[in-house]
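The figures that follow rest on heavy atoms only: side chains count, while hydrogens, waters and symmetry mates do not. All of these numbers come straight from a predicted model, not from anything done at the bench. The sequence lines fix the lettering, A, B, ..., with proteins before strands; numbering per chain opens at 1.
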Amino acid sequence: MNALELNAICKSFGSQRALDNVTLAVPTGSRTVIVGPSGSGKTTLLRMIAGFEFPDSGSLSLNGQILLDSTHEVPAHQRRIGYVPQDGALFPHMSVAANIGFGLATKGPARDERIAELMDSVALDANMATRWPHELSGGQQQRVALARALAQQPRLMLLDEPFSALDTGLRAAMRKMVARLLADAGVTAILVTHDQSEALSFADQLAVMRQGRLVQAGQPLELYQHPRDEQTALFLGEAVLMPAKIKDGWADCDLGPITVNHQGNSEMAQIMLRPEQLQLNIASTGSPGCHGVVTERDFGGNTCTLTVTLLAGKFEPGRSLPVHCAGLLAPPIGSAVQLTTLGRAHVLNN
Amino acid sequence: MGRGGTWVTGFAVLVALLSLLPIGFVIGVSWQVGWEQIQALVLRPRVGELLINTVLLVLLTLPLCILLGTALAWLTERSNLPGRRAWSLLAVAPLAVPAFVHSYAWVSLVPSIHGLPAGVLVSVIAYFPFLYLPVAATLRRLDPAIEDVAQSLGLKPWTVFLRVVVPQLRLAICGGALLVGLHLLAEYGLYAMIRFDTFTTAIFDQFKSTFNGPGANMLAAVLALYCLAMLTAESAARGNARYARVGSGSAREQQVVRLGRPATLLALILQTVTCLLALGVPLITLGKWLIAGGSEVWHWSELLAALQQTLFLGVAGALLTTCAAVPIAWLSIRAPGRLQRVLESCNYITSSLPGIVVALALVTVTIHFARPIYQTTVTVLLAYMLMFIPRALVSLRAGIAQAPVELENIARSLGRSPGRALWLITLRLAAPGAAAGAALVFLAITNELTATLLLAPNGTRTLATGFWAMTSEIDYAAAAPYALLMILLSLPLTGLLYLQSKRTAGR
C-alpha cells in the first residue's frame, strides 16, 4: 500500500519550470530517496509535500487523505509531516529540551518523560537537555532536529539533505542511525540529496530528478544496473559507455563480443558497464581477449582506479576505460593488461 | 504571500504614503506659489548668503570629521595605543551630548564665539562619532589576509593602508559623511546659539517671527533639494565595487600595529585633546553652571514635568515608530522585491529631510486637511515617526533576518498555525533588534528640538524645549539641569549604540 501519492504535480517560478508533471508513489514504511543535481526541483517537491509551497496543478494524498488538489488544501500545521532541513534549523532561543518538546501537546512530567525518551533514542545525553543549540556540534544539532520531528509521531518524515553539513565519518554513522530510528518508529520517509552514494545506501526506493522531471524511479540496485539514459547512468556512479552493434543478446563493441540484457537487434546502440564489471589480468604474450596498457593510476587505499587504454577496438581504437581493482594488487603504469567482463552490459535508451 | 501578506503590504504602503507627505508638500508648495514668485523668493541675496554659508559649513566640516573619525578609529582598532578600549568608548560618548548642548557649552566658555569658524569647530566635535563608529566597525571586520597579501606583493605598510585599507573603508566613510552632512543641514539649535545662519535657522526664524508661510516654505524646498543632492553625491561616491569578503571560513584576528614612542605620544595627545573638547568642555561648563546656580536652578516641579513629558513622547514615539516599521522590515526580509525596495526607500528619503521641512509639511497639511490634530501630540508623534523610522527599520530588519523563514516553516510542520509560528519564533527572535531600534528612536526623540518647537501643543515642555527656553532668556544656569538630565537619559542608549556597533563587527 502507498503512504504518499503525488499525481501530475507542476510548478513554475515565473518562466522557470521547477516541477514538470511529477508523479510518484511512496510505499508505506519505505525510505524513498529523491536524488538529482542542484536545481533539479527535488527540494521544491519536498517543500510542497510539507505544505510550504503550493503547486500550480496536480494532487497529493497521504494515507488516503487528500492533502492537496484543485479544490482543497491542508495547511502545513495540520499535515503531521515531520521536516528536517539541511542544517537542522533549531530554534536558537530555545534549549535542547524546549526544541524537542516544541511539537508535543502533552505537559508536565509526561512531556519531560517523552523528551528524555526521544533524547535517548537519538543517543543524546540527558544532561544536554538544558544546553543551547549553539553549544552543540553539527551532529548533535541534527540529532536534536530529528528527535524534534519524531516527537509529534509524524505520518511522514521529510529529510532535506540532512547529512550534507556533517563530516564524512559522521555522515555514515548518522545515516545508519536515522535509518534504524525510522524503521523502529515505522515512519515512512523521503530523503532528498545530491549525493549518489548516500542515496544508494539509504533508499528502499530511489527517484532520480532532472530539470524538474522525475526521470526514473525504482529499487537502487535496479537503477544502478539499468539506468534509463546516459545522464542517469553517470549521475548514479562511474560508468563505461561505448557504442555497440546488438544482435541476439550479444553486443559487438571495443571490448569484443559481450553479453547484454537486451534481445532486440540494433546496428548502433550505446551500452553501459560499471567499472567493477571489468576484470583485469596481467596479459601474457599471445593470450586471447581484449588487451590494453595501464596509462593512469589513482590510488585510493583499499581500491585503486586505473585508466586502461585499449590497444585495438572496433569503433574507437585507443579508447580509455576506468577499471577498479584492489589497491594492493594494482599494477603499475605501463603494465600490459587483459580485460574481461563480469555480468551483462546494459543497453541504454537513445 | 498569503492573505496575511496582503495586509502587511497594505500597511507598509500606507506608512510609505505618509512618509511621502513632506516631499509632496515641497512639490505642492512650489506648484502653488508659481514660477514668478519662486524666482522672487529663491533668487535673492539672502538665499545666496545662506547657500554659501551652508556649502562652506559642509565643505569644511566633512573633511575634518572624516580625518578625525578615521584617525581615532585606526588608533583604537589597529594600533597598540595604551587604553584603547577606554579611548574607543570615549570617542562615542560625545553622542550622548545633544549638539545644541555642545554649542551652549562653547558659548558659555567663550561668549564671543560665533560665525563659520565656531560652526565648524562645534560641528566637528559634536558629529565626528558618526564617522568614528562605522569606520571603527569596518576596520574590525577587515580580513587581515588581504593586507598580508598586499605586503607580500611588495607594498610598504603605509602604501598598504592607502591602497588596500582606505578603499575598503569607502562605504563606511561615505555613509558616515552623509549622516554628518544631513545633520549639518537639519540642525537648528547648534547654529542658532552661535549665531551662524544656515537654511534651517533662517526657515525657523522666518516662520516664527513673521509667519511668512511662502517664504519659509520655499526655503524649505531649497533645503530639501540640497538634501537630495547630498544623497545623490553620496550614492555616486559609494560606487559599485564589492566590499564583502570573498571566501569561506572566518577571518583571522586583526594584528595590531606597534606604535613607536613619539607616535604613541602624538596619538595620546590627539585622543586627549579630542576628549577634552568633545566631553570636557560640555561637562566642565555644565558643572560650572550647576555650581553657580546652586539649588535655586533645580525647579523640581518643572524639571520633573519636562522629564515626564520627554519620557512620554520618547516612549510613545518609539513604540509608534517601531510598530510602523514592522511591516516594511518584514517584507524586506521575507518577500524582497521591487515594490518592497520602493517602500523602504520612501522612508529613507523622508528621514533624510531636515526636521523643519517635515514639521512645516505637517503644519500645512494639518491646518488645511486635518484641523482637529493641528498642534496636538498626535502630529508631534507623526513627525517623530517620519523622521526616525529608518533607525527602527535597520535594527528590526537585522532582527527579523536572525529568524530565517525556515524556522517558521519548522514550527508549522510541528503543528503551529502561521500566526502562532510568527509569534513564537520570528517575533521572539526579532525582539532584541526591535528593542534596540526603539531605543535609538527614543534617543533621537529625547534630543529633538526643531520639530517639537514647531509642532507641540501650547504648554508642552520637554527637556530639549525647556533647555531652549532657558538659553533663549540667557539663563544658562537654569538651563544646566535640563542639559544634565538629557545627557543622563542619553548615556545608556549611547552605550547600547557602542555595543551594537561592536556586535555588528562580530566582537
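Within a 6.0 Å sphere centred on CZ of A:Arg180, heavy atoms belonging to other residues, nucleotides or ligands number more than 12. Surrounding CG of B:Leu339 are more than 12 heavy atoms belonging to other residues, nucleotides or ligands, all under 6.0 Å away.
Looking at A:Arg47, the atoms closer than 4.5 Å to chain B (heavy atoms on both sides) all sit in the side chain, from C-beta outward. For B:Ala411, the parts sitting under 4.5 Å from any heavy atom of chain A are the backbone and the side chain alike. For A:Ala149, the part lying near chain B is the backbone, with the side chain staying farther off; criterion is any non-hydrogen pair under 4.5 Å. Neither the backbone nor the side chain of A:Ala50 comes within less than 4.5 Å of any heavy atom of chain B. Proximity to chain B (any heavy atom under 4.5 Å) is restricted, for A:Leu90, to the backbone atoms N, CA, C and O.
When every heavy atom of B:Leu429 is checked against every heavy atom of A:His93, the shortest pair comes out as CD2-ND1, 3.5 Å. The nearest pair of heavy atoms linking B:Leu407 to A:Pro92 is CD1-CD, 3.6 Å.
Comparing B:Gly415, B:Ala421, B:Ala403 by how many heavy-atom pairs each has under 4.5 Å with chain A, the most go to B:Gly415.
Interface residues of residues 105-126 of chain A toward chain B, defined by a heavy-atom distance below 4.5 Å: none.
A distance of 11.5 Å separates OG of B:Ser413 from CZ of A:Arg79, quoted to the nearest 0.5 Å.
When side chains are defined from C-beta on, A:Phe52 does not count as touching B:Val405, because their heavy atoms never get closer than 4.5 Å. Proximity of B:Ile425 to A:Met94: side-chain heavy atoms (C-beta onward) are separated by under 4.5 Å at one or more points.
Formation of a donor-acceptor pair under 3.5 Å by the B:Glu406 side chain with backbone atoms of A:Gln86 is not found in this model.
Under a cutoff of 6.0 Å and an axis angle of 45°, B:Arg416 and A:Phe102 form a cation-pi pair.
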